[in-house]
Amino acid sequence: MAQFNSYIDRIDTDFWRELCKSRGKLHHYKRGEEFITAGTVAYYIGYVQSGALKYVCYSSDGTPHVVGLEFAGHFVCDFPGSLYQQKSRCSIIATVPCEIYCILASEVAELMKSDPVIQKVVDATTRELFYTLYDRHNNLYTKTPQERYDELMASDPSLFKLFSLQDIASLLNISPTHLSRLRKKI
């Protein structure tokens with residue numbers, strides 16, 4: 001089964017998991033609580049031990065748009081912006097209770113300066129995240145809503161247990177009504 005976040009299969013996940021667990025601290029997030037708030041500098045890079053989160057960007061009128069999802073066993077952060085003290089363009093919000101091992105992004109940034117191996121891992125991760133997001137962007141223009149929905153469900157059929165219909169519709173860039181029609185076709 002293909003991962004929704006395809007980068008996860010192409011980065012050194014052991015490195016990130018061990019870094020977050022060994023140097024980080026376990027934080028608990030309630031459903032609806034923000035890991036990162038849009039317009040602020042993100043302090044943490046996290047390994048999601050349990051739970052799920054959504055990346056939400058806001059249009060000029062304040063309308064929220066889900067642009068990404070994160071799952072247990074994956075990583076959560078405003079990457080690489082948090083490493084360079086840049087304000088986040090999106091909020092990252094827990095959709096269910098989460099346990100996340102969090103390491104300070106500033107600590108990772110300092111480690112990058114002193115350890116070329118860590119710099120290489122960060123560079124590779126940045127590249128793979130870019131490819132994942134670029135593919136997702138292209139899919140919005142080249143695939144039908146049905147094709148996008150089918151691929152999303154193939155990556156994780158249990159998504160509706162972790163995310164609302166509204167969130168999934170927003171991610172697919174369709175209305176909740178359209179998503180309901182697509183679900184009925186199966």
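Throughout, numbering of the chain's residues begins at 1 and tracks the sequence. Atom set for the values below is all heavy atoms of this structure, side chains included, hydrogens, waters and symmetry mates excluded.
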Among side-chain atoms of [X] and [Y], is any donor-acceptor pair under 3.5 angstrom?
X: Glu128; Y: Thr125; result: no
X: Ser164; Y: Asp167; result: yes
X: Asp150; Y: Gln146; result: yes

Is there a side-chain contact between [X] and [Y] in this structure, where contact means two heavy atoms from C-beta onward sitting under 4.5 Å apart?
X: Val121; Y: Trp16; answer: yes
X: Leu26; Y: His28; answer: yes
X: Thr37; Y: Glu34; answer: yes
X: Leu159; Y: Met153; answer: yes
X: Asn139; Y: Glu151; answer: yes
X: Val56; Y: Cys90; answer: no

Is any side-chain N of the basic residue among Lys30 and Glu33 closer than 4.0 Å to the acidic one's carboxylate O?
-> no

Going only through I, L, V, M, F, W and Y residues with side-chain contacts under 4.5 Å, is there a path from [X] to [Y]?
X: Leu53; Y: Tyr58; value: no
X: Val108; Y: Leu129; value: yes
X: Met112; Y: Tyr43; value: no
X: Ile45; Y: Val48; value: no
X: Ile168; Y: Val67; value: no

Counting N and O atoms only, with roles assigned by atom type, does the side chain of Thr63 sit under 3.5 Å from a partner on the main chain of Ser59, one being a donor and the other an acceptor?
->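 Pair absent, no side-chain N/O of Thr63 close to backbone of Ser59.
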
Is a side-chain donor or acceptor of Thr95 paired with a backbone partner of Leu162 at a separation under 3.5 angstrom?
->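 Here the side-chain-to-backbone pair exists.
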
Quick check for you: to the nearest 0.5 Å, what is the distance between [X] atom [atom1] and [Y] atom [atom2]?
X: Ile92; Y: Lys54; atom1: CD1; atom2: NZ; value: 12.5 Å
X: Ser175; Y: Leu165; atom1: OG; atom2: CG; value: 9.0 Å
X: Leu111; Y: Ile118; atom1: CG; atom2: CD1; value: 4.5 Å
X: Glu147; Y: Thr142; atom1: CD; atom2: OG1; value: 8.0 Å
X: Phe35; Y: Tyr29; atom1: CZ; atom2: OH; value: 5.0 Å
X: Arg148; Y: Leu179; atom1: CZ; atom2: CG; value: 11.0 Å

Salt bridge (charged side-chain N to carboxylate O under 4.0 Å, His left out) pairs, two or more places apart, involving residues 16-27 =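 Pairs touching residues 16-27 that pass the test: Asp14-Arg17, Arg23-Glu107.
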
What residue pairs, at least two apart or across chains, pass salt bridge (charged side-chain N to carboxylate O under 4.0 Å, His left out) with a residue in residues 130-142?
->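 Matches after skipping sequence neighbours: none remain.
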
Where is the tightest heavy-atom contact between [X] and [Y], given as atom of each residue plus distance?
X: Ala38; Y: Ser91; answer: N-OG, 2.9 Å
X: Ser158; Y: Asp156; answer: OG-OD1, 2.6 Å
X: Arg89; Y: Cys57; answer: O-SG, 3.7 Å
X: Ile103; Y: Cys20; answer: CG2-SG, 3.9 Å
X: Ala42; Y: Ala105; answer: O-CB, 4.2 Å
X: Ile100; Y: Gly46; answer: CG2-CA, 3.7 Å

What pairs of donor and acceptor atoms, side-chain ones from residues 69-81 against any protein atom, are under 3.5 angstrom apart with sequence neighbours left out?
unit_1: Glu70; atom_1: OE1; unit_2: Tyr55; atom_2: OH; d: 3.2
unit_1: Glu70; atom_1: OE2; unit_2: Asn5; atom_2: ND2; d: 3.0
unit_1: Glu70; atom_1: OE2; unit_2: Tyr7; atom_2: OH; d: 3.1
unit_1: Glu70; atom_1: OE2; unit_2: His74; atom_2: ND1; d: 3.3
unit_1: His74; atom_1: NE2; unit_2: Gln3; atom_2: OE1; d: 3.2

Is it true that Tyr101 and His27 have ring centroids separated by less than 6.0 Å?
-> no

Within 6.0 angstrom of Tyr131 OH, more than 12 heavy atoms from elsewhere =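 For Tyr131, atom OH is not crowded (no more than 12 foreign heavy atoms under 6.0 Å).
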
